Amino acid sequence: MTETSQPEQTPAEQTQTEQTMTDQAAADQSQSDQTATPAAPDEAHETLTASYERLRHSVDPEELGEFARRPLPDPSDAAAFSRATALLEAVAGNLHTAVADRLYLAEHMPFPNILVKLSVDPEMAVRKAVAQNTDDKNWLVGRLTKDDELEVRAAALVNPRTSWKMRMEGAQDERNDPETLDYLSRFGVSEDQPGPAVLTAMIRRAVALNPSASEETIERLSQDADIQVRHAVEKRRASAA
């Protein structure tokens, strides 16, 4: 059987066919561009505000975790260092940041703007890590001595950055456990817990009057060198008789 031959195209028809194919290829590329995943923002050229808002609202734990653990720029590059610590505040305050990464920041960051965010974290372990951070400002660790969770309060009260006022209030707080109160009762009498004689004696006296203090602690305080502490023990025992 003889195949029917196709008529040859004229030059004009060939040109039209080539143009049609070119137009179709362009249309296909345009459609591909529209459906492709948008390119990631160029962080180096974002404004600080744009980067901050992007991280603050990110729902990508991997992106947030990478930023949380990224080495900070050298402090000598003041602009880059300042930008990085500002952006870490957004990461710290974003609850899509994994708990492990928020813990990492709470344990290792010395910057108040980051620690303040983490000090109100819904995860107790994160707040406890902030309470243990010895780079805390005394007003921040002092705030954590009032936390609803015992573990957070206890961690804050043994932090060396805690003020004497907060230790005094901690010694009076009946929510605190015997171990924490025993620790506070050793200020001014233990070599590794020194302090002004008047202030430390006031703390020991407050512990002596706290009904949550253990009998072992009270017995030790009954032999305290300060007469006001001994009187507080006598008052406690008289009221319990």
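The structure presented is a predicted model; accordingly, all values stated were derived computationally and were not measured. In what follows, every heavy atom counts, from backbone to side chain, and hydrogens, waters and symmetry copies are set aside.
Checking Glu174 against Ser212 by side-chain atom types alone, no donor-acceptor pair falls below 3.5 Å. Between Thr217 and Asp182, the side chains place a donor N or O and an acceptor N or O closer than 3.5 Å (distance only, hydrogens not considered). No hydrogens or angles considered: a donor-acceptor pair under 3.5 Å links the side chains of Arg143 and Ser119.
Between the CG atom in Leu105 and the CG atom in Leu115 there is a gap of 9.0 Å [rounded to 0.5 Å]. Residue Thr162 holds its OG1 atom at 6.0 Å from CG of Leu157, rounded to the nearest 0.5 Å. Atom CG of residue Asp148 and atom CE of residue Met124 lie 12.0 Å apart, to the nearest 0.5 angstrom. The distance from the CZ atom of Arg83 to the CG atom of Leu88 is 11.5 Å, given to the nearest 0.5 Å. Note that CZ of Phe81 and CG of Asp74 are 8.5 Å apart. Values are rounded to the nearest 0.5 Å. Taken to the nearest 0.5 Å, the CG atom of Asp177 stands 10.0 Å off from the OG atom of Ser214.
By the 4.0 Å N-to-carboxylate-O rule, Arg56 lies close enough to Glu53 to be salt-bridged with it. Contact check on Glu66 versus Arg70 returns a salt bridge, with a Lys/Arg side-chain nitrogen under 4.0 Å from an Asp/Glu carboxylate oxygen. Ionic pairing of Glu149 and Arg153 is not present here: no N-O contact between side-chain nitrogen and carboxylate oxygen is shorter than 4.0 angstrom. Residues Glu63 and Arg54 are paired through a salt bridge, judged by an N-O separation under 4.0 Å between the basic side chain and the carboxylate.
Cluster annotation: Met166 is not connected to Tyr183 through the hydrophobic network of ILVMFWY side chains, with a link wherever side-chain heavy atoms come within less than 4.5 Å. When hydrophobic clusters are built by joining Ile, Leu, Val, Met, Phe, Trp and Tyr residues whose side-chain heavy atoms come closer than 4.5 Å, directly or via intermediates, Val126 is grouped together with Leu55. No continuous path of hydrophobic side-chain contacts links Leu95 to Tyr104 [ILVMFWY only; heavy atoms under 4.5 Å]. Val198 and Trp164 end up in the same hydrophobic cluster when Ile, Leu, Val, Met, Phe, Trp and Tyr side chains are linked at under 4.5 Å. With hydrophobic clusters built from ILVMFWY side chains whose heavy atoms lie under 4.5 angstrom apart, Val141 does not share a cluster with Val158.
One N or O on the side chain of Asn159 and one on the backbone of Asn133 form a donor-acceptor pair closer than 3.5 Å. Side-chain N or O atoms of Thr200 include one that pairs as donor or acceptor with a backbone N or O of Pro196 at under 3.5 Å. With hydrogens and angles ignored, the 3.5 Å screen pairs no side-chain donor or acceptor of Asp136 with any backbone N or O of Asn138. Not a single donor-acceptor pair under 3.5 Å links the side chain of Ser51 to the backbone N or O of Leu48.
Heavy atoms only, all atoms of each residue included: Val189 and Ser185 are closest at CG2-O, 3.9 Å. Nearest heavy atoms, Lys117 versus Ala92: CB-CB, 4.2 Å. Shortest non-hydrogen contact noted between Ala206 and Gln172 is CB-CG, 3.8 Å. In plain terms, the two heavy atoms of Val207 and Ala171 that are nearest each other are CG2-CB, 3.7 Å. The shortest non-hydrogen separation linking Asp101 to Ala68 is CB-CB, 4.1 Å. Listed here is the closest heavy atom pair of Ala156 and Ala131: N-CB, 3.7 Å.
Shown are Asp121, Thr97, Asn94; of these, the side-chain hydrogen bond (donor to acceptor under 3.5 Å, both in side chains) with Arg102 is made only by Asp121.
Summarising the local packing, CE of Met109 is surrounded by more than 12 heavy atoms from other residues, nucleotides or ligands at distances under 6.0 Å. Within 6.0 Å of CD on Glu151 lie no more than 12 heavy atoms contributed by other residues, nucleotides or ligands. For NZ of Lys146, the number of neighbouring non-hydrogen atoms (other residues, nucleotides, ligands) closer than 6.0 Å is greater than 12. Within a 6.0 Å sphere centred on CD of Glu215, other residues, nucleotides and ligands contribute more than 12 heavy atoms.
Contact check for Leu140 versus Pro112: no side-chain heavy atoms found under the 4.5 Å cut-off. Looking only at side-chain heavy atoms (C-beta outward), Val116 and Trp139 come within less than 4.5 Å of each other. Taking the side chain as every heavy atom from C-beta outward, Arg127 and Leu118 never approach each other to under 4.5 Å. In this structure, Tyr52 and Glu89 have side chains that are in contact, with non-hydrogen atoms separated by less than 4.5 Å. Using a 4.5 Å heavy-atom threshold, the side chains of Arg186 and Arg220 count as touching. Two residues are said to be in side-chain contact when any heavy atoms from C-beta on lie closer than 4.5 Å; Arg230 and Ser222 fail this criterion.
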Hey, mind stepping through Leu64 and His96 against side chain to side chain contact (heavy atoms under 4.5 Å, CB included) and telling me if it holds?
CA-CA 8 Å; Leu64 294 163; His96 287 99; 3.9 Å; yes

Step by step, would you call Arg237 with Glu219 a salt bridge (charged side-chain N to carboxylate O under 4.0 Å, His left out)?
CA-CA 11 Å; Arg237 289 176 168 170; Glu219 179 59 31; 2.9 Å; yes

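A cation-pi geometry, defined here as NZ or CZ lying under 6.0 Å from the six-membered ring centre and within 45° of its normal, does not hold between Arg204 and Phe187.
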